[in-house]
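Okay, so here's the structure we're looking at.
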Amino acid sequence: MNIRVIYHSSKSGNTEKLAKAIAEALGVKAEHIGKGSISFSRPVDLLFVGDGIYWAKPHRITRKFFKKLNPAPIRNAAVFATYGNQFKIGDDLKKLLQDKGINVVGDPFTCKGASVGTKNHGHPDETDLQNVMAFAQNIVALVK
Ligand SMILES: Cc1cc2nc3c(=O)[nH]c(=O)nc-3n(C[C@H](O)[C@H](O)[C@H](O)COP(=O)(O)O)c2cc1C
């Protein structure tokens, strides 16, 4: 199965921690949207997509990436995200992909991310990382 993990993460690196945990659990690499080129030269059975939430939206870089993307090679996707207090980012990302015609499997995984003005200090923590790894394995089982 061709599995890819792509994500956007800002300086705080919260979503990157989830992306790397998923990548480790599945034995693939995590690719940062906007750093280096991401292309899909062969069909992707399962694309994990992650982001934080910035001013109540997925990041501009993520939105731009999906605006330009040809969805044809993406057979399935799953969503993960971190937030200050708006866990709706999971559903927002899911909708972004569905609006491109991409099949999104399962519910989004979301967890708190440390950010100014919240009590999220220390998140994602070890439990969050264990949970996201289990989420990834469950999604893979759904697609198999
Ligand atoms: C510029 C900026 C804007 C943010 N806006 C929101 C917001 O509208 N809603 C929210 O719940 N969290 C907001 N946050 C918190 C981030 O979504 C949270 O810290 C997330 O974990 C960031 O992920 P990252 O470290 O991977 O970039 C914001 C953070 C930053 C830096």
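In listed order, ligands and their atoms are each counted from 1.
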Is the ring pair Tyr7/His32 parallel, tilted or perpendicular, if the boundaries are 30 and 60 degrees? tilted

Of Asp92, Asp99, Asp91, the one forming a side-chain hydrogen bond (donor to acceptor under 3.5 Å, both in side chains) with Lys95 is Asp99

All salt bridge (charged side-chain N to carboxylate O under 4.0 Å, His left out) counterparts of Lys100, not counting sequence neighbours: none

Are any non-hydrogen side-chain atoms of Pro43 and Arg75 less than 4.5 angstrom apart? yes

With the side chain counted from C-beta on, respond yes when Tyr83 and Thr110 share a heavy-atom pair under 4.5 Å apart, and no when they do not. yes

For the residue pair His8 and Tyr54, is the inter-centroid distance of their aromatic rings smaller than 6.0 Å? yes

Distance filter under 4.0 Å, heavy atoms only, around ligand 1 gives Ser9, Ser10, Ser12, Gly13, Asn14, Thr15, Gly52, Ile53, Tyr54, Trp55, Ala56, Thr82, Tyr83, Gly84, Asn85, Gln86, Gly113, Ala114, Ser115

